[in-house]
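A quick write-up on the structure given underneath.
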There are 2 protein chains.
Amino acid sequence: MVPMSVTATQRRTAASEAWVLIAELVASQRSRTMCVCSEFDLAPGQLHALKWLDPESPKPMRDLATALACDNSNVTGIIDRLEDRGLVQRRPGAHDRRVKMLVVTPKGQALRHEIKARMEEAPEPLLRLDAEEQRVLRDLLRKALDR
Amino acid sequence: MVPMSVTATQRRTAASEAWVLIAELVASQRSRTMCVCSEFDLAPGQLHALKWLDPESPKPMRDLATALACDNSNVTGIIDRLEDRGLVQRRPGAHDRRVKMLVVTPKGQALRHEIKARMEEAPEPLLRLDAEEQRVLRDLLRKALDR
DNA sequence: GACAACGGTTGCCGTGGTCAACGTTCGCGG
DNA sequence: CCGCGAACGTTGACCACGGCAACCGTTGTC
């Protein structure tokens, strides 16, 4: 076995354990997420796409595909359905006629706002921490994610 | 607006912000999860099922459906594919002949072990915290999840 | 013994994941 | 200026999974 410093070993272990717990927390909230989907009659992919889109500045479909970590062709279908509902609009790119920019309609913006509000509600396990602990947790995550 | 104590307001805000950051962290690791899936040539559902199954004690399909927060009929297909690969086995229930217990084969156990090892690797953002911060993060999550 | 309830399977349908192939557009080098 | 490769989006095919309804065999209860 390759020798490893004590601190390096501990670093990996604690972070790994934290990661497992995070995965567990998210998994335990899966049904709640699904509830939000059915509440707004949106499929998961459509929900994620609408949540990611920026009403302030239209984004090319390519960027959405990257954000969702999926194929380009996949985004076509998702946007098709969002467009059918009048939540999003395809608009030809200004400088590059290959790209299509995704514009969130007013109707889409309203729905997006509701969705975000519902999804940002903290799950029960986190609410069991006291105020100080919650702040510490938030700050650690901010630091890790470089915010 | 309904009056609310300062502490209650702060509680909700900090926990909610933490939750948003957690969602962001998990989303940023989606492509890595997909890599693990393709690495072992398993679809996401099959991977989660195999990960959840307990080689030590067979579980009824019903419990798996509950754990995956999905319909019973869905589990049938997932187990079909895992069984076709010889990773799990259906076994008639001992006391109740309606239920089928899911047994992980030796081959399935080996694969499960590999999968868990790969999925437990901490993502890069968490590794940027120092050892002490990682421990604090882990302990907070443990407390929240009641471990 | 009839009957509701439960576990699992099957069918159908919609969503979304991959991949290959295609049309349009862009940028670059000859 | 022309040609060529690369990029963006779409389409088609195929599979994995999500829900729902209907069904069968079993179980527990009245």
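Proteins come first, then strands; the chains are lettered A, B, ... in the order of their sequence lines, and each starts at number 1.
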Once you round it to whole Å, what is the distance between [atom2] of [N] and [atom1] of [X]?
| X | N | atom1 | atom2 | answer |
| --- | --- | --- | --- | --- |
| A:Met101 | D:dC8 | CE | P | 12 Å |
| A:His95 | D:dA7 | NE2 | C1' | 17 Å |
| B:Arg90 | C:dG7 | CZ | P | 16 Å |
| A:Arg81 | C:dC13 | CZ | C1' | 13 Å |
| A:Asp71 | D:dG12 | CG | C1' | 13 Å |
| B:Asp84 | D:dA16 | CG | P | 10 Å |
| A:Trp52 | C:dG16 | CH2 | P | 17 Å |
| A:Lys100 | C:dG23 | NZ | P | 15 Å |

To the side chain of [X], which of [options] is closest?
| X | options | value |
| --- | --- | --- |
| B:Ala43 | D:dG9, C:dG16, D:dA16 | D:dA16 |
| B:Asp96 | D:dG9, C:dT9, D:dT27 | D:dT27 |
| B:Arg98 | C:dT24, D:dT10, D:dG25 | D:dG25 |
| A:Arg62 | D:dG19, D:dG9, C:dG16 | D:dG9 |

Phosphate OP1/OP2 of C:dG16: any A:Asn74 side-chain N/O under 4.0 Å
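So the side chain of A:Asn74 is outside the cut-off, no N or O lying under 4.0 Å from OP1 or OP2 of C:dG16.
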
Using a cut-off of less than 4.0 Å, is there contact between a side-chain N or O of B:Arg97 and OP1 or OP2 of D:dT27?
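For D:dT27, OP1/OP2 do have a side-chain N/O of B:Arg97 under 4.0 Å.
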
Pick base, sugar-phosphate or nothing for B:Ala69, based on heavy-atom distances below 4.0 Å to the nucleic acid.
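The residue B:Ala69 makes sugar-phosphate contact but no base contact.
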
Taking any heavy-atom pair under 4.0 Å as a contact, classify B:Gly77: base, sugar-phosphate, or nothing.
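Nothing, no nucleic acid heavy atom in range.
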
If we only count heavy atoms from C-beta on, is the [X] to [Y] side-chain gap below 4.5 Å?
| X | Y | answer |
| --- | --- | --- |
| B:Leu42 | B:Ile115 | yes |
| B:Asn72 | B:Thr76 | no |
| B:Arg90 | B:Asp80 | yes |

Note: A:Glu17-B:Arg147 ion pair, threshold 4.0 Å (strictly below):
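No.
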
Salt-bridged, B:Asp54 to B:Arg112, with N to O below 4.0 Å?
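Looking at B:Arg112 together with B:Asp54, the answer is no, because their closest N to O distance does not fall below 4.0 Å.
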
Select from A:Gln46 and A:Ser73 the residue whose nearest nucleotide in DNA chain C is closer to the 5' end of that strand.
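The residue closer to the strand's 5' end, by nearest nucleotide, is A:Gln46.
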
Start at the 5' end of DNA chain D and walk down; is the nucleotide closest to A:Met61 or to A:Arg30 reached first?
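Upstream on the strand: A:Met61.
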
